[in-house]
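Here's the structure, in structure tokens; my notes come after.
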Amino acid sequence: MISFVRGPLAGVEEDCVVVEAGGVGLEIRVPLSVLERLPSLGEEIKIYTYLQVRGDGMSLYGFLNLQDRQMFKQLLGVSGIGPKAALGILSAMRPDDLRMAIVSGDAKAISRAPGVGTKTAQRIILDLKDKISMDQVTEGWLQAGGSAGSPDSGAAAAAGLAGAAREAVEALVALGYTGAEASRAVKKVSLEEGMTAEDVLKASLKHLSFL
């Protein structure tokens, strides 16, 4: 298996990138979330890959971090979901939003992805809900930098922020917001070391009117 590819970004197409590695241009299919975060052509990029081998050839699928590649592989484990469908889902939803939808049972949000009906969305939730925790969701936000504390914060501080974010999401869902709405609101909060769940909740409520 090709675990990752690192090299200059040689090209960008509608649903894939070309990365030069060892003098060879590798075509890697990527979701929209990757296309939105690419460096300039010629700059170095590292993409974590998944290699699909079939009778008619091989295809590489790529992601910017290990957590997103793992989400892709988990989708492939769902009956009826192939690489093309999994990539389509991850293009319609950012991976952390998908994790939040799975954890909160929000089939409606998942079914908005092209080619994904309500039954397929429910199957995804049923198959993956026990494999994804709210801690993974909130830790993913911190690692992705969407809502992050100080870079000098230690592991304990980061865990505290993740816990505060998790509790805030749970509180918003209890107030009647969907998991997707709660997730987006909390992600908009600039988490700072020392913030409590109540602090995150209050800040999140200010953002909900703009969602």
Side-chain angles (χ1 to χ4, degrees), residues 12-17 28-38 48 50 52 59 61-147 165-166 168-189 204-211:
V12 180
E13 299 182 22
E14 184 177 347
D15 62 349
C16 68
V17 298
I28 306 171
R29 298 189 180 281
V30 297
L32 181 61
S33 57
V34 171
L35 292 175
E36 292 174 341
R37 298 167 59 191
L38 292 174
Y48 294 92
Y50 173 86
Q52 180 196 36
S59 298
Y61 296 84
F63 308 88
L64 294 180
N65 57 63
L66 290 171
Q67 293 80 12
D68 292 352
R69 185 179 68 180
Q70 178 63 20
M71 184 75 259
F72 177 77
K73 292 169 69 175
Q74 287 175 321
L75 283 172
L76 294 182
V78 177
S79 176
I81 302 292
K84 184 177 180 180
L87 204 66
I89 293 170
L90 292 174
S91 289
M93 302 181 70
R94 290 183 180 277
D96 52 356
D97 288 337
L98 175 58
R99 293 186 191 97
M100 183 66 228
I102 292 170
V103 170
S104 62
D106 192 351
K108 184 177 180 180
I110 300 174
S111 65
R112 295 193 185 103
V116 178
T118 301
K119 288 185 178 180
T120 300
Q122 292 172 341
R123 189 186 310 126
I124 290 172
I125 292 171
L126 181 64
D127 287 359
L128 299 183
K129 194 166 187 177
D130 292 338
K131 300 177 181 178
I132 298 172
S133 69
M134 181 62 78
D135 285 338
Q136 287 177 305
V137 175
T138 51
E139 287 170 7
W141 296 345
L142 295 174
Q143 292 170 3
S147 297
R166 180 187 68 249
V169 169
E170 292 171 348
L172 289 172
V173 171
L175 289 172
Y177 295 99
T178 67
E181 290 171 338
S183 171
R184 287 195 296 269
V186 172
K187 284 173 62 181
K188 286 180 176 289
V189 176
S204 301
L205 287 168
K206 295 178 182 179
H207 291 291
L208 280 166
S209 60
F210 299 101
L211 294 179

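In what follows, residues are counted from 1 in the order of the sequence shown. Computed from a predicted structure; not experimentally measured.
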Given Ile132 and Gln74, is the side-chain contact (heavy atoms from CB on, under 4.5 Å) satisfied, shown in steps?
CA-CA 10 Å; Ile132 298 172; Gln74 287 175 321; 3.9 Å; yes
At their closest point, which heavy atom of Tyr48 faces which heavy atom of Leu66, and how far apart are they?
CD2-CD2, 3.3 Å
Give every donor-acceptor pair under 3.5 Å between a side-chain atom in residues 107-115 and any protein atom, sequence neighbours left out.
from: Ser111; atom 1: OG; to: Ala107; atom 2: O; distance (Å): 3.3
from: Ser111; atom 1: OG; to: Lys108; atom 2: O; distance (Å): 2.8

So, for Val186 and Ala165, which heavy atoms are closest and what is the spacing to 0.1 Å?
CG1-CB, 3.9 Å
With side-chain contact (heavy atoms from CB on, under 4.5 Å) as the criterion, how do Leu38 and Val30 come out once you've worked through the C-alpha distance, each side chain's angles and the decisive distance to 0.1 Å?
CA-CA 11 Å; Leu38 292 174; Val30 297; over 6 Å; no
Contacts table for residues 117-127: side-chain donor-acceptor under 3.5 angstrom, sequence neighbours left out:
from: Arg123; atom 1: NH1; to: Ser79; atom 2: O; distance (Å): 3.0

Roughly how far apart are Lys131 NZ and Met71 CE, rounded to 0.5 Å?
9.5 Å
Note: Ser204 and Leu172 closest approach over all heavy atoms is CB-CD1, 3.9 Å
Partners of Arg94 by side-chain hydrogen bond (donor to acceptor under 3.5 Å, both in side chains), sequence neighbours excluded?
Glu36
Closest heavy-atom contact between Leu35 and Cys16?
CD2-O, 4.3 Å
How many angstroms lie between atom CG of Leu75 and atom CD1 of Ile102, to the nearest 0.5 angstrom?
6.0 Å
Atom pair CG/CD of Leu175 and Glu170 - distance to nearest 0.5 Å:
12.0 Å
Spatial distance of atom CD (Glu13) from atom CZ (Arg29) [nearest 0.5 Å]:
8.5 Å
For a quick test of reading the model, state the closest non-hydrogen atom pair linking Asp68 to Pro95 and the distance between them.
OD1-CB, 3.2 Å
Does Phe63 reach the side chain of Leu87, with side-chain heavy atoms less than 4.5 Å apart?
yes
Atom pair CD1 (Ile81) and CD1 (Ile89), whose distance is rounded to the nearest 0.5 Å
4.5 Å
Over all atoms of both residues, closest heavy-atom pair of Lys129 and Val103
CE-O, 3.2 Å
In terms of relative ring orientation, are Tyr61 and Tyr50 parallel, tilted or perpendicular, with 30° and 60° separating the classes?
tilted
Go through Asp96 and Gln67 one step at a time and tell me if the side-chain contact (heavy atoms from CB on, under 4.5 Å) criterion holds.
CA-CA 9 Å; Asp96 52 356; Gln67 293 80 12; over 6 Å; no
